[in-house]
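Here the structure comes first, spelled out in structure tokens, and everything after it is commentary.
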Amino acid sequence: MVKNRYPSPPAAIRRLRFQLRLLAAVSTELAFRAAWRIFTSPRRLPTKTWEAAALAEARQFWVAAGEDKIAAYEWNSAGEKTVLMVHGWEHRASFWGVFVRALVEAGYRVVALDGPAHGASSGTQTTLPAFARAVQAVADELGPIYAVVAHSFGGAATVGVPVHFNKSTDQHLARLVLLSVPASTNAVAQRFAALLRLPPAVMERMNQHVQKQHGRDAESFSLLNNGHQFPAHHALLLHDHQDESIPFAEAQELANSWPRLDFRPTDGLGHNRIMRDSAVVQQVLEFLQ
């Protein structure tokens, strides 16, 4: 999920545009392969100083998800209710540090994972279905899950694919919390295409690839299509007016399509600070009760 946040694109983006334009002039197939590799290859960002503290009290364990080896982390194993945290594109479990601390203090057992090609997990490329498969594998290991808190791409994978929770008990999630999620899979692809100025033929080839790989079109993974029927007793969406990655209008559209969704706009937090804001954390804690 590439973020179109540059009013004046940096040199790296300009080079990619030039390279893809040349490839497309030679072959749509060559341009598609290059674009798909970029689209599905998250950067492993440098470790931040506070991440070690976030994982210091966690028990790390590993789960197999297809060919992927997924790193997962558990805090407060004695907690009565389990909350699963699902990070977004180019993030990792340790990014949930502020939320984890608050949830543990409130008595919850907390589990987070590094998605495929993220954090300590294996791989260099991933897709929405592969990410969801990893979440599913971790969920199946945990026993009953009370709540899921998911950010951005992680929310799209969890609800859009979707992941099935509590399969052994056939119980719905009690609570679902979504932060800064994209409403439309096609809109994400269109932002990617606009960022790299991809010709329509290349985007159509990407759509064909998704259809061939998964037997369904890309928009079928959209929260606009699947959110309102996701089996959670109560669902909460927080999205910032100044989100630089996912337009606020998408959150409004998602809320309009999902009558039972509790939609709470925020202001001034952008796409990522919403994960660390004390007022947001407090709202989520109250919602989970």
Side-chain angles (χ1 to χ4, degrees), residues 53-63 65 70-88 91-115 119 131-152 154-159 161-181 223 227 229-238 258 260-264 274-289:
L55 298 181
E57 303 299 322
R59 175 185 71 89
Q60 185 184 54
F61 62 101
W62 296 87
V63 177
I70 303 302
Y73 307 84
E74 179 189 51
W75 294 263
N76 190 29
S77 61
E80 183 178 349
K81 295 178 179 178
T82 299
V83 179
L84 177 62
M85 318 292 290
V86 186
H87 68 77
H91 285 193
R92 44 192 170 246
S94 52
F95 279 43
W96 285 115
V98 172
F99 253 106
V100 167
R101 191 177 307 114
L103 288 166
V104 168
E105 288 176 357
Y108 293 99
R109 174 197 183 204
V110 184
V111 176
L113 68 146
D114 292 334
F131 206 96
R133 184 165 58 244
V135 178
Q136 185 71 69
V138 173
D140 291 346
E141 288 282 321
L142 297 182
I145 296 175
Y146 174 74
V148 171
V149 180
H151 178 250
S152 191
T158 299
V159 177
V161 173
V163 176
H164 301 281
F165 295 98
N166 303 328
K167 291 192 292 186
S168 62
T169 60
D170 199 30
Q171 293 180 347
H172 291 182
L173 276 180
R175 302 288 187 273
L176 171 68
V177 178
L178 299 173
L179 307 174
S180 310
V181 294
L223 271 70
Q229 57 191 5
F230 188 80
H233 289 296
H234 300 282
L236 171 67
L237 170 65
L238 293 111
W258 191 339
R260 295 175 57 247
L261 183 65
D262 183 350
F263 176 37
R264 303 182 192 178
I274 198 169
M275 300 173 66
R276 303 185 295 275
D277 180 73
S278 59
V280 168
V281 173
Q282 185 59 40
Q283 285 189 71
V284 171
L285 286 174
E286 293 171 359
F287 176 78
L288 293 181
Q289 293 177 359

Give the table of side-chain donor-acceptor pairs shorter than 3.5 Å for residues 171-178, with sequence neighbours excluded, one pair per line with atom names and distance.
residue : atom : partner : partner atom : Å
Arg175  : NE   : Phe287  : O            : 2.9
Arg175  : NH2  : Gln289  : O            : 3.0

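Arg133 contributes atom CZ, which lies 9.0 Å from atom CD1 of Ile70 (distance to the nearest 0.5 angstrom). With values rounded to the nearest 0.5 angstrom, Leu103 atom CG is found 10.0 Å from Asn76 atom CG.
Residues forming a salt bridge (charged side-chain N to carboxylate O under 4.0 Å, His left out) with Asp277 (at least two apart in sequence, or on another chain): none. With sequence neighbours excluded, no residue forms a side chain to side chain contact (heavy atoms under 4.5 Å, CB included) with Ser168. Checked against ring pair (Phe, Tyr, Trp, His ring centres under 6.0 Å), Phe61 has no partners two or more places apart in sequence or in another chain. In this structure Ala102 satisfies the side chain to side chain contact (heavy atoms under 4.5 Å, CB included) test together with Val281, Leu285, sequence neighbours excluded. Annotation: ring pair (Phe, Tyr, Trp, His ring centres under 6.0 Å) contacts of His164 (sequence neighbours excluded): none. In this structure, Arg260 has no salt bridge (charged side-chain N to carboxylate O under 4.0 Å, His left out) partners at least two apart in sequence or on a different chain.
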- Applying ring-ring contact (aromatic ring centres under 6.0 Å, His included), run through Phe131 and His87 and close with a yes or a no. CA-CA 10 Å; Phe131 206 96; His87 68 77; 5.4 Å; yes
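Judged as a side chain to side chain donor-acceptor pair (under 3.5 Å), the pairs with a partner in residues 95-110 (not counting sequence neighbours) are, in order, Glu74-Arg109, Thr82-Arg109. Within the structure, the salt bridge (charged side-chain N to carboxylate O under 4.0 Å, His left out) test picks out no pair touching residues 280-289 (sequence neighbours left out).
Between the side chain of Asp114 and the backbone N or O of Ala93, at least one donor-acceptor pair lies under 3.5 Å. Of the possible polar contacts, none joining the His151 side chain to the Val181 backbone as a donor-acceptor pair under 3.5 Å is found. One N or O on the side chain of Asn166 and one on the backbone of Ile145 form a donor-acceptor pair closer than 3.5 Å.
Closest approach of Phe230 and Thr158 over heavy atoms only: CE1-O, 3.6 Å.
When each of Arg59, Gln60, Glu57 is paired with Tyr73, the side chain to side chain donor-acceptor pair (under 3.5 Å) condition holds for Gln60 and for no other.
Using a 4.5 Å heavy-atom cutoff, the side chains of Val280 and Gln282 are not in contact.
A 6.0 Å sphere centred on CD of Gln229 holds more than 12 heavy atoms belonging to other residues, nucleotides or ligands.
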